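Hydrogens, waters and symmetry mates are skipped; everything else that's a heavy atom, side chains included, is used. Given the structure is predicted, the values throughout are model-derived calculations rather than measurements. Order of the sequence lines fixes the chain letters, A, B, ..., with proteins taken first and strands second; residue numbering starts at 1 for each chain.
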Amino acid sequence: MQKLGLGQAVNQALREEMRRDPRVFIAGEGVGVGIHNSPMLPTDGLVEEFGPGRVKDTPVSEAAIAGLAVGAAEAGLRPVVEIMFNPFFTLASDMIVNHAAKLRYLSGGKSSFPLVVRMKSGAGFGAGCQHSHNLEAWAAHCPGLKVVMPSTPADAKGLLKSAIRDENPVVFIENMGLYFTPGPVPQEEYLTPIGKADIKRQGRDVTVVTWSSMLWVAFGAAEKLAGQGIEMEIVDLRTLTPLDKETILASVKKTGRLVVLHEATRTGGFAGEIAAVVMEDGFPSLKAPFRRVTGPDIPVPASPPLERFYIPDEEQLIAAVKEIVETGG
Amino acid sequence: MQKLGLGQAVNQALREEMRRDPRVFIAGEGVGVGIHNSPMLPTDGLVEEFGPGRVKDTPVSEAAIAGLAVGAAEAGLRPVVEIMFNPFFTLASDMIVNHAAKLRYLSGGKSSFPLVVRMKSGAGFGAGCQHSHNLEAWAAHCPGLKVVMPSTPADAKGLLKSAIRDENPVVFIENMGLYFTPGPVPQEEYLTPIGKADIKRQGRDVTVVTWSSMLWVAFGAAEKLAGQGIEMEIVDLRTLTPLDKETILASVKKTGRLVVLHEATRTGGFAGEIAAVVMEDGFPSLKAPFRRVTGPDIPVPASPPLERFYIPDEEQLIAAVKEIVETGG
Amino acid sequence: MQISADKKIEMLQTMILTRKFEDALAELCKIEGKIPGMMILCTGQEAVGSGACAALEPLDVIITNHRSHNHLLAKGADPGELMAEIFCKSTGCNKGKSGTLHLAVPEVCAPCTTTVVGGSLPIAVGQAFAQQYRQQDRVTVCFFGDGAADEGSFHESLNLASLWQLPVIFVCENNLYAGAQRFDEHARVKDLAQRASAYAMPGRIVDGNDVLAVYQATMEARQSAVTGGGPTLIECKTYRCRGHGETDQQLYQPRDEIEKWQKKCPIPRLSDELVSQGLITPDGLKEMETRAGDIVDQAVRFAEESPYPLPEEALDDVFA
Amino acid sequence: MQISADKKIEMLQTMILTRKFEDALAELCKIEGKIPGMMILCTGQEAVGSGACAALEPLDVIITNHRSHNHLLAKGADPGELMAEIFCKSTGCNKGKSGTLHLAVPEVCAPCTTTVVGGSLPIAVGQAFAQQYRQQDRVTVCFFGDGAADEGSFHESLNLASLWQLPVIFVCENNLYAGAQRFDEHARVKDLAQRASAYAMPGRIVDGNDVLAVYQATMEARQSAVTGGGPTLIECKTYRCRGHGETDQQLYQPRDEIEKWQKKCPIPRLSDELVSQGLITPDGLKEMETRAGDIVDQAVRFAEESPYPLPEEALDDVFA
Ligand SMILES: Cc1ncc(C[n+]2csc(CCOP(=O)(O)OP(=O)(O)O)c2C)c(N)n1
Ligand SMILES: Cc1ncc(C[n+]2csc(CCOP(=O)(O)OP(=O)(O)O)c2C)c(N)n1
Ligand SMILES: [Mg+2]
Ligand SMILES: [Mg+2]
């Protein structure tokens with residue numbers, strides 16, 4: 001099977017969908033001609049294949065980029081726009097949250113807004129908190145939006161293709177750290193369903209719910225814990241909304257213990273939603289307290305030791321798991 | 001004691017602080033001369049007392065309003081700016097989230113940003129989802145911001161005065177429905193501490209954590225349930241961040257049961273954070289599943305029957321409480 | 001440019017219909033519980049939407065804002081469905097989800113109305129982009145107020161539209177007020193049309209109470225747009241004769257200013273001209289008014305008699 | 001206006017110091033693991049910050065952006081603490097929290113640097129408002145790029161500053177590129193200075209490679225601002241001789257364009273003039289370069305020898 005980085009997988013999805021459907025176009029800052037030239041990047045080579053009529057470089061104008069998508073989607077196109085980094089979601093958020101997500105409802109179901117907003121996210125680049133700030137919880141709190149955060153190149157390809165074909169606005173968040181680690185991606189056409197979590201590892205002792213790059217932290221911890229006789233089940237959410245409650249609840253029913261792992265800051269992060277769902281509908285299964293392993297409640301700092309301190313790691317996850325496995329009933 | 005609506009209490013707080021401290025100024029759309037003339041409104045009469053030099057009417061420019069606050073706060077003033085309605089937080093959010101909340105950290109603690117952003121929120125006015133959208137969970141997910149949502153006029157006055165004196169950026173959200181119901185407010189000078197929840201009703205059977213206008217729904221339900229022998233303890237959060245975990249945990253320890261009630265939409269709402277905290281640190285106290293009573297996952301609709309359907313009510317809360325009181329261990 | 005008698009009469013009709021429609025609302029909204037939410041009317045500004053939309057083809061798009069009734073009626077929206085939506089009834093064009101503030105009528109190519117000030121502009125850019133992408137001979141008209149011209153979205157939208165030479169016409173309804181702020185209290189520039197120069201875009205100033213002038217300016221802008229000449233900013237100078245909304249007592253608007261502008265009302269201005277030119281008889285005019293009144297009466301009756309949506313319908317239409 | 005020899009020499013010094021500072025960084029950042037994050041340099045643009053800051057008083061404020069090294073050095077920031085922060089060390093001016101992108105130096109009235117494009121403008125407006133509110137004879141200079149002039153925040157900020165006649169000077173560093181986009185690919189207007197007319201604000205075009213012209217324009221704008229004349233937009237036409245950041249291969253910048261502009265380098269332009277006017281001797285110039293080199297060497301040594309912050313320090317400084 002071909003091995004691609006997550007950015008390359010995104011690239012392949014964009015290419016396939018643009019070839020399939022002439023209504024698909026992409027727009028954003030540097031999506032055509034950019035300052036970085038690397039085949040690992042999501043929009044690499046697209047302007048060469050599809051031309052500047054379908055690969056639109058925009059000014060530095062996030063509200064206009066998002067509004068372009070809203071208007072063009074209603075008019076029948078399939079916009080895939082890029083907001084360069086997750087913190088700049090703020091600048092596009094009126095168009096995405098007050099418009100893309102609401103205008104269909106406001107029309108009484110007459111209009112639709114089939115658009116995708118792609119964003120890069122994630123700490124680890126020494127760029128600091130104005131470039132690294134995980135805000136998936138914002139989008140996930142907005143009815144009318146779907147929120148997708150793939151962890152593997154294969155999922156990224158299948159999910160992005162589904163997002164482009166979805167009749168609704170989809171926020172698609174790519175962790176940049178995943179661009180540079182190749183993984184297997186089926187060459188052929190396939191769609192990965194939005195709204196379905198994926199059990200990436202089976203285990204009987206504890207359920208770890210995670211998404212995006214944190215999956216790989218979970219894998220690392222799972223391996224080490226396995227050596228100590230603790231079997232972690234890893235639920236890769238893939239889609240935050242609509243949330244696949246069934247998969248989460250079934251796993252917690254099996255293991256009786258829940259840890260949520262995400263890179264975003266702790267308070268108000270999406271781990272809370274998982275906790276609430278399990279406490280509502282899976283309470284009888286629970287044998288032990290809940291644990292969150294998340295970024296601390298600080299902006300992402302630039303200096304390497306500080307930034308490493310920010311990013312959740314295997315040790316923290318292992319400690320959290322052990323705590324509830326040991327103390328739990 | 002004087003009886004004031006929440007808007008009047010805010011007005012009194014603004015007046016007292018502006019008299020006390022010449023660095024305090026207010027700015028926003030229509031904060032001086034507005035389209036509504038009512039003594040119940042928060043900025044009524046301020047331009048008459050303090051003049052247009054300290055009560056600044058701005059153009060319809062939310063980013064500039066928020067940026068004005070950021071710059072002026074760093075320069076040593078005490079800005080209290082108004083973003084008219086909570087959904088327009090989107091337009092100001094880059095300045096508030098990427099700047100007010102982060103620039104102190106980015107300066108290594110050298111700069112500070114003592115500013116208050118006031119916003120009106122709440123459904124119930126038939127204005128629809130572009131005016132009514134409760135986004136407190138967004139602000140509460142941003143390290144560096146404090147988030148205050150008073151439920152009573154007395155709290156509003158004391159909390160806003162604390163917010164204005166706080167050295168940090170505070171997001172202060174006022175439910176418009178509370179403007180028109182007078183309640184007792186001490187005439188004299190007092191400060192209500194930010195970061196402290198308030199037990200508004202003692203009870204042994206179930207803890208209801210709530211904030212802002214939903215407190216009054218909780219009161220109504222509590223009274224009815226008391227008639228049926230169920231005693232609700234009501235924890236009025238008042239401040240979402242910093243979150244007063246101690247008060248919540250102590251209450252749940254006492255009652256063993258938790259319901260969170262908020263007007264915002266369900267998925268990704270701040271109820272999740274409360275659930276997570278209790279499941280982390282209060283798990284052994286819990287006798288029953290958790291329940292959330294919240295707005296459903298829809299934009300706020302305009303039509304009265306639809307909007308009433310949206311807003312959480314006493315019946316829903318009573319049903320949720322009974323469910324866990326009856327089924328719980 | 002010669003404007004046909006039929007076209008002029010069509011515009012007069014639209015203005016009269018709008019006025020009757022809104023006069024009825026002004027009364028109805030005083031009745032407690034009758035109409036939910038704010039009531040935002042455009043009395044005195046009817047020439048803008050009526051003139052601009054008269055210059056459009058049916059498949060041209062409009063994107064409008066909180067002060068939308070005239071724009072939508074002028075584009076051909078059904079008055080009954082509009083009225084029912086304003087009443088928040090299930091027969092409304094948006095099943096009661098939108099109410100008066102976000103009326104969306106995709107059937108007449110008015111697919112989105114936004115009350116976020118400045119929100120109409122980026123969306124119009126997107127619509128115009130789709131028209132250009134598909135090489136349609138269509139344009140998008142974007143309505144917004146003088147206040148909206150201070151939002152960041154105005155700037156980003158005009159820049160992008162000009163850069164890509166999109167077929168969009170930005171129609172700024174400068175009614176001299178944004179909320180309680182007079183124009184010169186929120187912008188120091190004398191004419192908003194001047195702002196077009198920041199994007200190398202043509203900017204035109206039009207007497208917004210002269211429906212024929214608005215029509216003509218829009219025709220020219222449309223012609224330019226469909227022949228690759230790109231966008232135009234048209235500033236229509238007009239006046240908000242009523243308050244921002246119906247609960248606004250207009251304390252900040254000088255009485256004599258209001259009266260001066262009331263005398264410039266676009267409706268008699270055109271009807272007098274048509275009568276004096278013999279294009280319509282006084283009886284014909286009266287008949288036109290009666291007909292408009294009937295349409296509005298019927299719309300109100302339809303709205304009044306329609307049921308509210310069922311509570312659970314609130315859950316519909318979030319996702320496609 | 002007569003510019004004193006001392007002033008000219010001061011500006012030359014600043015430019016030389018910046019160049020040496022950034023030349024060192026250009027080398028250092030090639031070493032794996034040496035400097036975290038992006039490396040964004042201003043080679044060829046040193047005249048802008050050097051000229052503008054030379055026109056300021058110590059208590060005047062500057063708010064800058066991602067391309068900030070020159071602005072901060074020109075305002076008097078300590079090169080060692082800047083360098084240490086760029087190295088992300090605990091002795092850096094922001095204890096390693098900011099790194100190269102958000103250097104904040106309140107001690108020299110450069111309290112915020114933002115890498116959100118366009119973010120510097122609303123903050124500068126707030127700073128200038130505070131200066132006006134307190135009736136200080138101070139101004140705020142806001143640095144931003146041509147790309148930032150397309151953000152909504154540009155528009156809202158200039159409108160508000162003009163409306164309130166705030167003492168702010170908007171210095172637009174038009175280096176012909178925003179990321180990989182040439183100026184004419186992101187804006188159709190010929191000169192960004194033109195945009196000032198949208199706010200009834202004076203807009204000036206300055207040769208951004210002529211430090212004396214930048215100084216003079218800033219002096220005049222400052223004079224106007226402190227005497228109640230309000231804000232000015234100054235467009236400094238210059239060129240980004242290096243890539244957007246050091247990993248940018250500049251494939252989209254024509255080779256001959258780069259070479260043409262390299263020949264216009266502001267440093268020899270001024271130093272040649274000063275030498276030919278006898279204001280400085282060739283030896284004096286060499287000495288000046290040596291001194292700047294020593295300062296940079298020392299700064300690098302300080303940064304290299306400084307420790308990283310302790311991991312747990314990440315938790316400090318969120319709240320006051
Ligand atoms: C983003 C945003 N800010 C504030 C408001 C509140 N608001 C509604 S209408 C209005 C004034 C708009 O003035 P203008 O654009 O001139 O339109 P007009 O009402 O005069 O037609 C304001 C401030 C809003 N709806 N949206
Ligand atoms: C809001 C926002 N959008 C996008 C970016 C990514 N970005 C960083 S610098 C830059 C180009 C800025 O160009 P310009 O303003 O001309 O400044 P220059 O880099 O030329 O100095 C972009 C798009 C950003 N930092 N912030
Ligand atoms: Mg107006
Ligand atoms: Mg540039």
Side-chain angles (χ1 to χ4, degrees), chain A residues 62-63 87-91 93-99 101-102 105-106 128-130 133 135 137-144 240-243 258 260 264-284 286 288-292 296-299 301-302, chain B residues 62-63 87-91 93-99 101-102 105-106 128-130 133 135 137-144 240-243 258 260 264-284 286 288-292 296-299 301-302:
Chain A
E62 285 75 12
F88 311 151
F89 182 75
T90 53
L91 292 161
S93 63
D94 170 57
M95 275 295 135
I96 298 171
V97 171
N98 287 325
H99 294 92
K102 293 177 181 172
Y105 191 73
L106 284 170
C129 63
Q130 290 186 330
H133 189 177
L135 286 173
W138 280 26
H141 187 40
C142 295
L240 273 64
T241 52
L243 179 63
L258 174 66
V260 181
T265 54
R266 189 178 193 80
T267 300
F270 201 69
E273 181 62 29
I274 319 287
V277 162
V278 170
M279 215 166 140
E280 279 165 345
D281 296 332
F283 185 73
L286 281 172
F290 167 67
R291 286 292 176 265
R292 282 184 279 187
D297 282 331
I298 59 172
Chain B
E62 285 74 14
F88 311 150
F89 182 74
T90 52
L91 292 161
S93 62
D94 170 57
M95 275 297 135
I96 298 171
V97 171
N98 287 324
H99 294 92
K102 293 177 182 172
Y105 192 73
L106 284 170
C129 63
Q130 289 185 331
H133 190 178
L135 286 173
W138 280 26
H141 188 39
C142 295
L240 274 64
T241 50
L243 180 63
L258 174 66
V260 181
T265 55
R266 190 178 193 78
T267 300
F270 200 69
E273 180 62 29
I274 319 286
V277 162
V278 169
M279 214 166 141
E280 279 166 344
D281 295 334
F283 185 74
L286 281 171
F290 167 68
R291 285 291 175 267
R292 280 184 282 188
D297 282 330
I298 59 172

Problem - Proximity breakdown for Leu106(B) and chain A, heavy-atom pairs closer than 4.5 Å - result: side chain

Problem - Heavy-atom proximity to chain A below 4.5 Å, by part of Leu258(B) - result: side chain

Fill in the blank from the handout: Looking only at Ala137(A), Gly272(A), Ala140(A), the option with the highest number of non-hydrogen pairs under 4.5 Å against chain B is Gly272(A)

Handout entry: Option that, when pairs with chain A are counted at under 4.5 Å, heavy atom only, ranks first among Phe88(B), Phe270(B), Trp138(B), Phe89(B)
Key = Trp138(B)

Problem - Whether Asp94(B) side chain and Thr90(A) backbone form a donor-acceptor pair below 3.5 Å - result: no

Exercise for the section: Please confirm whether the backbone N or O of Asn98(B) pairs with a side-chain atom of His133(A), one donor and one acceptor, at under 3.5 Å? Expected result: no

Exercise for the section: Taking all heavy atoms of Cys142(A) and all of Val97(A), pick out the closest pair and write down the distance. Expected result: SG-CG1, 3.6 Å

Problem - Flag side-chain contact, heavy atom, 4.5 Å: Phe290(B) against Ile274(B) - result: no

Problem - Under 4.5 Å from a heavy atom of chain A, the part of Thr241(B) involved - result: side chain

Exercise for the section: Answer yes or no: is there a donor N or O on one side and an acceptor on the other, between the side chain of Asp297(A) and the main chain of Thr267(A), under 3.5 Å? Expected result: yes

Problem - Proximal component of Pro301(B), with respect to chain A [non-hydrogen, under 4.5 Å] - result: both

Problem - Under 4.5 Å from a heavy atom of chain A, the part of Phe283(B) involved - result: side chain

Problem - Side-chain donor or acceptor of Lys102(A) paired with backbone N/O of Cys129(B) under 3.5 Å - result: yes

What side-chain donor-acceptor pairs closer than 3.5 Å can you find for residues 275-282 of chain A, not counting sequence neighbours?
from	atom 1	to	atom 2	distance (Å)
Glu280(A)	OE1	Arg292(B)	NH2	3.2
Glu280(A)	OE2	Arg266(B)	NH2	3.2
Glu280(A)	OE2	Arg292(B)	NE	2.7

Practice task
Tell me, out of Glu273(B), Met95(B), Gln130(B), who's got the most heavy-atom pairs with chain A below 4.5 Å.
Solution key: Glu273(B)

Fill in the blank from the handout: Assert top hit (heavy-atom pairs under 4.5 Å, partner chain A, pool Gly269(B), Gly268(B), Ala302(B)) equals Gly268(B)

